[in-house]
Amino acid sequence: HLVADLGPSDSREELVFFGRDGRSSSRFLVLDGFGGRPLLSPDKQHVLVEWHSIDFGDDGGVSVPTVFARDGTIVRRFAGYKNEYAWFPNGEMLLSRGDSLYRTAITGTAAPRLIARIPNENPRALTISPDGNRIAFTIGNFTILENSTWIINADGTGLREVVTTNNDGVSPHSFSPDGQQLLVSEGINYVAVGPGYGFSGCSEFYVVPLNLSAPLMLDANSPAPAIK
């Protein structure tokens, strides 16, 4: 299944749910704008997306992580949290704010509970293993393109670095089905696409085993990318 933001329509935005056959199964419109990529819940009944709504006082271009039901009903908004989020397999959510990671249910009013603090850092590109037991994320300075990917257990223990680079930045994308490997991408490498067409950016992808004794440095001597 797939959910897609089809962009503005008469000052509104539309989210469309597609089935395996490529046909839309449901859709809804909202005023104002979505941002980022919509994430479908594990049970396919909800979607988590950044939403900027003037009706809720979201001014200054601030988008708020928001859970919608498939019919467009607002289930819960998480004002004050960053637009970095992911779904746990059991339908709970992973959120971030400042240097901290949080876990929460999508219903009720209980405040998200703290998983861990990553002092002086700003976790991004949140990714959860299929069994829900581990979290991967990127920290570091994207301005100078020096960053690294770390993993931590879902209970906040076992924090360790798994991939680092001083070239073009690195981000996790997904765990393998058994949770023992991690797909990461390294930066943007610009290549000429032909006379008069300028340059195009592309990432290099690596499959990284998570049983390494030391972080893998992605550089000219790195193993060949799994996808390039």
Side-chain angles (χ1 to χ4, degrees), residues 1-5 15 17-18 20 26 34-51 63-118 121-139 148-163 170-185 207-211:
H1 293 76
L2 173 71
V3 59
D5 173 11
L15 279 182
F17 297 81
F18 293 92
R20 292 180 181 273
S26 60
F34 291 126
R37 61 190 179 102
L39 296 181
L40 197 59
S41 63
D43 65 3
K44 312 297 188 295
Q45 299 306 306
H46 300 89
V47 61
L48 174 58
V49 66
E50 302 171 33
W51 183 39
S63 295
V64 174
T66 305
V67 179
F68 289 91
R70 291 181 69 113
D71 63 1
T73 302
I74 299 171
V75 177
R76 193 171 179 185
R77 287 165 44 87
F78 294 91
Y81 290 84
K82 293 190 309 180
N83 297 320
E84 297 284 348
Y85 41 70
W87 289 102
F88 282 97
N90 69 349
E92 291 187 318
M93 287 170 40
L94 175 66
L95 295 167
S96 67
R97 181 170 64 188
D99 63 0
S100 301
L101 298 173
Y102 296 84
R103 184 169 186 161
T104 183
I106 64 172
T107 58
T109 58
R113 57 192 184 275
L114 179 68
I115 293 176
R117 291 186 64 243
I118 317 298
E121 296 293 351
N122 190 6
R124 298 180 295 274
L126 309 181
T127 304
I128 299 174
S129 62
D131 61 8
N133 290 332
R134 289 199 281 190
I135 301 164
F137 56 88
T138 288
I139 59 175
S148 55
T149 291
W150 293 63
I151 60 173
I152 191 172
N153 295 328
D155 63 3
T157 63
L159 177 67
R160 66 184 179 93
E161 184 182 22
V162 293
V163 184
V170 62
S171 294
H173 288 272
S174 64
F175 284 85
S176 59
D178 63 4
Q180 300 306 305
Q181 300 178 95
L182 186 66
L183 178 68
V184 302
S185 64
V207 175
V208 180
L210 296 179
N211 60 356

Quick check for you: to the nearest 0.5 Å, what is the distance between [X] atom [atom1] and [Y] atom [atom2]?
{"X": "T66", "Y": "I74", "atom1": "OG1", "atom2": "CD1", "answer": "7.0 Å"}
{"X": "W150", "Y": "I135", "atom1": "CH2", "atom2": "CD1", "answer": "15.0 Å"}
{"X": "L95", "Y": "R103", "atom1": "CG", "atom2": "CZ", "answer": "11.5 Å"}
{"X": "E84", "Y": "L94", "atom1": "CD", "atom2": "CG", "answer": "9.5 Å"}

(request) Report the residues that fulfil side-chain contact (heavy atoms from CB on, under 4.5 Å) with R160, sequence neighbours left out, ordered by chain and then residue number. (result)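 For R160, the residues satisfying side-chain contact (heavy atoms from CB on, under 4.5 Å) (neighbours in sequence not counted) are R134, I151, V162, L210.
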(request) Using the test side-chain contact (heavy atoms from CB on, under 4.5 Å), find all partners of D99 that sit at least two apart in sequence or belong to another chain. (result)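 With neighbours one apart ignored, the set is R117.
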Which atom of [X] lies closest to which atom of [Y], heavy atoms considered:
{"X": "D178", "Y": "Q180", "value": "OD1-N, 2.9 Å"}
{"X": "P130", "Y": "P177", "value": "CG-O, 3.6 Å"}
{"X": "I139", "Y": "P123", "value": "CG2-CA, 4.0 Å"}
{"X": "A79", "Y": "V64", "value": "N-CG1, 3.5 Å"}
{"X": "H173", "Y": "S185", "value": "NE2-OG, 2.7 Å"}
{"X": "H46", "Y": "A69", "value": "CD2-CA, 4.0 Å"}

(message) Are I106 and L48 packed together at the side-chain level, in the sense that at least one heavy-atom pair is separated by less than 4.5 angstrom?
(response)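 In short, these two side chains do not touch, never coming nearer than 4.5 Å.
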(request) Report yes if some heavy atom in the side chain of E92 is under 4.5 Å from a heavy atom in the side chain of R113; otherwise report no. (result)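 Yes; the side chains approach each other to less than 4.5 Å.
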(request) Check each of T138, V184, L183, T127 against S171 using the side chain to side chain contact (heavy atoms under 4.5 Å, CB included) test, and report the only one that passes. (result)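 Exactly one candidate clears the test, T138.
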(request) Sort out for me which residue in F88, F78, Y81, Y85 forms a side chain to side chain contact (heavy atoms under 4.5 Å, CB included) with T104. (result)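 Of all the options given, the one that passes is F78.
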(message) Looking only at side-chain N and O atoms, does S129 offer a donor or acceptor that is under 3.5 Å from a partner on N133?
(response)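 Judged by distance alone, the side chains do not pair up.
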(request) Kindly determine whether W87 and M93 satisfy side-chain contact (heavy atoms from CB on, under 4.5 Å), including the steps that lead there. (result) CA-CA 5 Å; W87 289 102; M93 287 170 40; 3.7 Å; yes
(message) Please check this pair: side chain of S100 against backbone of G98, looking for a donor-acceptor N/O pair closer than 3.5 Å.
(response)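 Judged by distance alone, no pair lies under 3.5 Å.
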(message) Whether the side chain of K82 engages the backbone of R124 through a donor-acceptor N/O pair (distance < 3.5 Å, no angle test) should be reported.
(response)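 No.
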(message) side-chain contact (heavy atoms from CB on, under 4.5 Å), that's the test. Do V208 and T149 meet it? Break it down for me.
(response) CA-CA 11 Å; V208 180; T149 291; over 6 Å; no
(request) I would like to know whether F137 and L101 meet side-chain contact (heavy atoms from CB on, under 4.5 Å); could you show each step before the answer? (result) CA-CA 10 Å; F137 56 88; L101 298 173; 4.1 Å; yes
